[in-house]
Student: 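One structure coming up, written as structure tokens, with questions to follow.
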Amino acid sequence: MPAYDPHEIESRWQRYWEENRTFRATEDSAKPKIYVLDMFPYPSGEGLHVGHPEGYSATDMYCRYQRMRGRNVLHPMGYDAFGLPAEQYAIETGTHPAVTTEKNISNIRRQIKQLGFSYDWDREFSTTDAEYVRWTQWIFLLLFDTWFDPDCEWTDPAGRRRRGKGRPIAELPIPAPVAARGEDEVRRYRDSFRLAYQAESPVNWCSALGTVLADEEVINGRSERGNHPVERVLLRQWNLRITAYADRLVEDLETLDWPAAIKEMQKNWVGRSEGAEVDFHIGAEDDFDRWRRSRARSGFPEAPGPDTLRVYTTRPDTLFGATYMVLAPEHPLVDRVTAEERRAEIAEYRARTAAMSEEDRVAGRGEKTGVFTGGYATNPVNGNRIPVWIADYVLSSYGTGAIMAVPAHDQRDLEFARRFGLPVRAVVTPPADWLKLAQGKGGAALTADTYPERVGELPEAYAGEGPGMQSANDEISLDGVPTAEAKPAITAWLARGGLGRAAAKTRLRDWLFSRQRYWGEPIPILHELDSAGNPNGLIRAVGLEELPVLLPEMEDFKPTGKPGGPLEKAVAWIRVTRDGKEYLRETNTMPQWAGSCWYYLRFCDPRNSERPWDPEKERYWMPVDLYVGGAEHAVLHLLYSRFWHKVLFDRGHVSTMEPFKKLVNQGMILSVTYRNSEGRIVPYRQIRFEEGKAFDAETGAELTGETEKMSKSRGNVIPVDVPIQRYGSDTTRLYEMFMGPLESTKPWSMQGVEGVSRFLNRSWRMIVDEESDALRLNERVRPGAAPDREELRVLHKTIQAVTQDMESLSFNTAISRLMEFVNFFTGRKERPLECMESFVLMLAPMAPHIAEEMWRALGHEQSLAYAPWPSFEPKYTEESVVDVPVQVNGKVRGRIQVDAQATREQMEQAALGDPRIRKHLEGTTVRKVIAIPGKLVNIVAG
RNA sequence: GCGAAAGUGGCGGAAUUGGCAGACGCGCUGGACUUAGGAUCCAGUCCCGCAAGGGGUGGGGGUUCAACUCCCCCCUUUCGCACCA
């Protein structure tokens, strides 16, 4: 041997680690823990491409480094194996998804294992394992058993006073009138408060997939998976009350060490806004005064009542500018306000919008449509009668599903008003520069004085803040009052009259949790049947001791296109009797996100058959200290699991409020797609690389390469097996990191891989004797030799830099440092053994197989997995004489050698004395000299 | 449209607090060793220029002795959201 033979070395060491269970993690209160987690993969049939192991490589390097620093490391791996793709594939091929899932997992496990990651494989599991499903269902039932008490005050672990907490449903106060109506009513009342609840609401129905989808799974009116059209359908579905946790989900972001962009996205997704709810009277005109007086007495009611239209606005200060109202077409009061002669037209518009797909609705945005109902509302601030319209630009699912339209100060309202000739009334004074800009866009001679008259001609609404105008009644005036003060003033006035109140809304909707699909966890709920055998609307949870509820074996698991989903066809499975009563099982399943919502907790105690995890182990390992994965999960998985975690926290099952302390998103790895002059994609096998250019091996034509996202259709997917087979795992891992910063998007280059491969070969030859058949040291490596000054300086500078880089996950620069080290020491006649040992230890987290082998060559019997990380001595990196650049007017003109401790004056003297500098200063006057000790000298002359 | 991030050689990318721009690698050029080189080693490689010298971190301005780094304006790219009242 031994020329460097990665495959032999790698398979041998992987076997060694596996047989010795080198990376098994056990709780040890004497050692500081660190929990490092990868977002576990979905085992697809295609297996892993070179993009997948990027994050895994980073976490593995970090974990191996931390073990050498003496930390107790938890680093597990598993599979998120329920979900649509496996099921779609199963349907296409007729194979049961359990079979394909098992096959895909084996393949991915093989791929991951051959990269030599230091996972504790004893903790491996799949979300589809019956034992895991059991506890996923257990958590669902915990959600079902919990209600959110918005008034509950408590102190969080950081000592802050908090408001709003999940509590056991048994603690929900039952109002006397409900209790008086009997046990069934109490059950229904409780059901309406649970965090897991059924509700009939407009949902995203995707007929191609035969299931409903969560808002987060719909992109521009199409399904995220498969890009199929999605429509809005009214269906009874399971929801999780994530909106109850909206405030806490936003507030607690502050405590997290996450990328600012991801926090921002979550904040935007929750979309919390503050404003006011305002009631408009829609009854007879002469009834308005009576209505107002009764409101002044009763105050603002929880529910608006029959002759009232409730709106939500973030700009209550513009109430005097409301010139019309708009209801969502689906709003329940549409019938009530519609005048007889308008019914046909209104019905037609409602039918048209209902039939529209989400995609069409998104596409039709901008071109406002709507119909006048013939009805009127009375503006509570001034008694003005204003028309009520319906239009699809108002969403039924946000706020109250109705708005007051202020066209002067809202762009959407203005577009609508201009289209239908509705009046525009200015109530906020825009600043002068806005007026000037608006004037440039068409309005002539626009000033604060002429603005109210000309506001209807302007193409743009002024939506900003400013002093109020035309906004006064007998009791209150907002004229001249800045927006920030006007809002609370008018809200307080409304509240006094029982006409409105301050309110906050979120863009976030409750999480639509049921799917009409086969390959997911069954929802463990039973529907009670009446004596005639029909569901009576009462439900009960499956007993905890009965969990897991497993999927029935079925030949035909195709989507049915019906709300019941394919499980409805499992006739025998559905019917159950409990306590002498007949029930039907819930036939909907959970979405794919369910399993990934809590897997990080199960990893703390994955084989526990008594409970989801041992609280003591949870307290030891949690929270996850470093979580690495793709940014595509910014609002889906990461928001959902934070929500579940908070519920688990409220119910006392976890000790931390947040699951993931530090989050890092690895960047996407791009690939180059090569096309010929006709724009046709040429596959890799058929390409010849010469002189840095690419040629079609068949035609000889030059090809153009473009860096693009890897995708099957572009034919540019590089399976991870390709670089592993050609160069080995250590090279592959190393290149994954050497490409650039972990977080940035970067292109894969096969030539770049070659570079790191050369580096490992050079490292090998630096230490190992290539000529010898046995594993023997290179003759230049000298066991007894004491490193000289320069060698010590290079060594310790390397240790210092690499250590810093490992801490900050800057593996690309860490590798560069090691390359410099090798460049330096291969040029040495003698290589002191202790320098070589430190090098091998530093290389070990990144290229562990070759490092273990070289460690053995250096005479060690034990694996280096737990060998102490080299420590750096500042005394060796300090130089007594430093080489300092001298600038003249900011340009480097020479260098001087000065004592590292030299004072400003000494440096100045040396600089001015340097002959080259003197030449540059000829004929000029030195005006100023800046000397930074140990850094540089700058002479200002002129 | 709104929000966020980023623009540095032929390419991927380096540059603690403002202090030598281009570390390291790829590619390329020349050389050595070789039957051979897609192995290895040595040297060179930001641009213009024979050189002296000049220019240079998307563009324009500013602060400073000194700006990739800080401030203002603009351009481009990527990502996220997108009728959320």
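Reminder, nothing fancy here: chain letters follow the sequence lines and each chain counts from 1. The figures here come from the full heavy-atom set of this structure, side chains too, leaving out hydrogens, waters and symmetry mates. Small disclaimer: the values here were computed from a predicted structure and weren't measured.
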Student: Tell me whether the guanidinium CZ or amine NZ of A/Lys368 lies under 6.0 angstrom from the six-membered ring centre of A/Tyr393 and within 45° of its axis.
Tutor: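 Yes.
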Student: Whether A/Ser273 contacts B/rA85 is assessed here as follows: a side-chain N or O lying under 4.0 Å from the phosphate OP1 or OP2. Is that the case?
Tutor: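 Checking A/Ser273 against B/rA85: at least one side-chain N or O falls below 4.0 Å of OP1 or OP2.
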Student: For the pair A/Tyr398 and A/Tyr312, name the ring-plane relationship: parallel under 30°, tilted 30 to 60°, perpendicular over 60°.
Tutor: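 If you compare the ring of A/Tyr398 with that of A/Tyr312, the planes turn out perpendicular.
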Student: Between the side-chain atoms of A/Arg895 and the base atoms of B/rC20, is any donor-acceptor pair under 3.5 Å?
Tutor: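 Side chain to base: pair present.
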Student: For A/Arg419, I'd like to know if atom CZ has over 12 heavy atoms of other residues, nucleotides or ligands within 6.0 Å.
Tutor: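 Check passes, neighbour count above 12.
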Student: Would you say A/Arg507 reaches B/rA82's phosphate, i.e. side-chain N/O to OP1/OP2 under 4.0 Å?
Tutor: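 For B/rA82, OP1 or OP2 has a side-chain N or O of A/Arg507 closer than 4.0 Å.
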Student: I'd like to know if A/Lys935 reaches the base of B/rC20 with its side chain such that a donor and an acceptor end up less than 3.5 angstrom apart.
Tutor: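 For A/Lys935, whose side chain was compared with the base of B/rC20, there is no donor-acceptor pair (under 3.5 Å).
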Student: What's the gap between B/rG58 and B/rC11 when it is taken at their P atoms, as a whole Å value?
Tutor: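 Taking atom P in both B/rG58 and B/rC11, they lie 13 Å apart.
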Student: Return the value, rounded to whole Å, for the distance between atom NZ of A/Lys928 and atom P of B/rA66.
Tutor: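 In whole Å, B/rA66 P lies 9 Å from A/Lys928 NZ.
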Student: I'd like the P distance from B/rC79 over to B/rG31, given in whole Å.
Tutor: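 Per the computed distance, 46 Å lies between those P atoms.
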Student: May I ask you to evaluate whether A/Asn823 reaches the phosphate of B/rG25, defined as a side-chain N or O under 4.0 Å from OP1 or OP2?
Tutor: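 For B/rG25, OP1/OP2 do have a side-chain N/O of A/Asn823 under 4.0 Å.
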Student: For A/Arg893 and B/rG19, what is the distance between atoms CZ and C1' respectively, to the nearest whole Å?
Tutor: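 Taking atom C1' of B/rG19 as the reference, CZ of A/Arg893 is at 17 Å.
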Student: Indicate syn or anti for B/rG9, taking the glycosidic torsion and treating anything within 90° of 0 as syn.
Tutor: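 What B/rG9 shows is a syn base, its glycosidic angle lying within 90° of 0.
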Student: Please figure out whether A/Ile403 or A/Asp805 has its closest RNA chain B nucleotide nearer the 5' end.
Tutor: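 Of the two residues, A/Asp805 wins.
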Student: Determine: side-chain N/O of A/Arg904 to OP1/OP2 of B/rC65, distance under 4.0 Å, yes or no.
Tutor: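 A/Arg904 to B/rC65 OP1/OP2: no side-chain N or O under 4.0 Å.
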Student: Does A/Pro259 reach a base, just sugar-phosphate, or nothing at all? Heavy atoms under 4.0 Å.
Tutor: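 It contacts nothing in the nucleic acid.
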Student: For residues A/Arg762 and A/Asn823, is any side-chain donor paired with an opposing acceptor at under 3.5 Å?
Tutor: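 There is such a pair (donor and acceptor under 3.5 Å, judged by atom type) between the side chains of A/Arg762 and A/Asn823.
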Student: Would you kindly give the CD1-to-C1' distance between A/Ile815 and B/rG12, to the nearest whole Å?
Tutor: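 About 13 Å, once rounded to whole Å.
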Student: Taking only the side-chain nitrogens and oxygens of A/Lys746, find out if one of them lies under 4.0 Å from OP1 or OP2 of B/rG12.
Tutor: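 For B/rG12, OP1/OP2 do not have a side-chain N/O of A/Lys746 under 4.0 Å.
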Student: What's the gap between B/rG12 and B/rG61 when it is taken at their P atoms, as a whole Å value?
Tutor: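 My reading of the P atoms in B/rG12 and B/rG61 gives 28 Å.
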Student: In this structure, how many angstroms lie between the P atom of B/rC83 and the CH2 atom of A/Trp389, rounded?
Tutor: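 So the two atoms are 22 Å apart, to the nearest Å.
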Student: Could you measure the distance from the CD1 atom of A/Ile939 to the NZ atom of A/Lys891? Nearest 0.5 Å is fine.
Tutor: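 A/Ile939 atom CD1 to A/Lys891 atom NZ measures 15.5 Å (nearest 0.5 Å).
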Student: Roughly how many Å is it from CD in A/Glu908 to P in B/rG19, rounded to a whole number?
Tutor: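 Result: 21 Å.
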Student: Could you give the CD-to-C1' distance, from A/Glu264 to B/rA5, as a whole number of Å?
Tutor: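 Whole-Å distance recorded here is 12 Å.
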Student: Under 6.0 Å between ring centres: does that hold for A/Tyr727 and A/Tyr735?
Tutor: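 When the ring centroids of A/Tyr727 and A/Tyr735 are compared, they turn out to be at least 6.0 Å apart.
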Student: Please give the distance between the P atoms of B/rG22 and B/rU57 as a whole number of Å.
Tutor: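 B/rG22 and B/rU57 have their P atoms separated by 14 Å.
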Student: Runs of at least three consecutive Watson-Crick or G-U pairs, both distances under 3.5 Å, are what I'm after; which ones involve RNA chain B?
Tutor: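 Stem list for RNA chain B: B:1-7 with B:75-81, B:10-12 with B:24-26, B:27-32 with B:40-45, B:46-48 with B:53-55, B:58-62 with B:70-74.
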Student: Let me know the distance between CZ of A/Phe811 and P of B/rC24, rounded to the nearest Å.
Tutor: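 Whole-Å distance recorded here is 22 Å.
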Student: What's A/Asp413 touching, base or sugar-phosphate or nothing? Going by heavy atoms closer than 4.0 Å.
Tutor: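 Result for A/Asp413 = nothing.
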Student: If you measure only the distance, is there a donor-acceptor pair under 3.5 Å linking the side chains of A/Tyr4 and A/Ser763?
Tutor: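 A/Tyr4 vs A/Ser763: no donor-acceptor pair found between side chains.
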Student: May I ask you to decide if the ring planes of A/His633 and A/His637 are parallel, tilted or perpendicular, using 30° and 60° as cut-offs?
Tutor: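 It falls in the perpendicular class, over 60°.
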Student: Which comes earlier along RNA chain B counting from the 5' end, the contact point of A/Leu395 or that of A/Ala260, where each point is its nearest nucleotide?
Tutor: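 The residue whose closest nucleotide sits nearer the 5' end is A/Ala260.
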Student: Taking the side chain as C-beta and beyond, is there a heavy-atom pair between A/Val802 and A/Phe821 under 4.5 Å?
Tutor: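 They are not in contact (no side-chain heavy atoms under 4.5 Å apart), so the answer is no.
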Student: Tell me whether the side-chain N/O atoms of A/Arg765 come closer than 4.0 Å to OP1 or OP2 in B/rC41.
Tutor: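 Affirmative; the distance criterion is met.
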Student: In whole Å, what separates the P atom of B/rG37 from that of B/rC20?
Tutor: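 The answer is 43 Å between these two P atoms.
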Student: Is there a side-chain contact between A/Asn812 and the phosphate of B/rA14, meaning an N or O under 4.0 Å from OP1 or OP2?
Tutor: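 True: A/Asn812 side-chain N/O within range (under 4.0 Å) of B/rA14 OP1/OP2.
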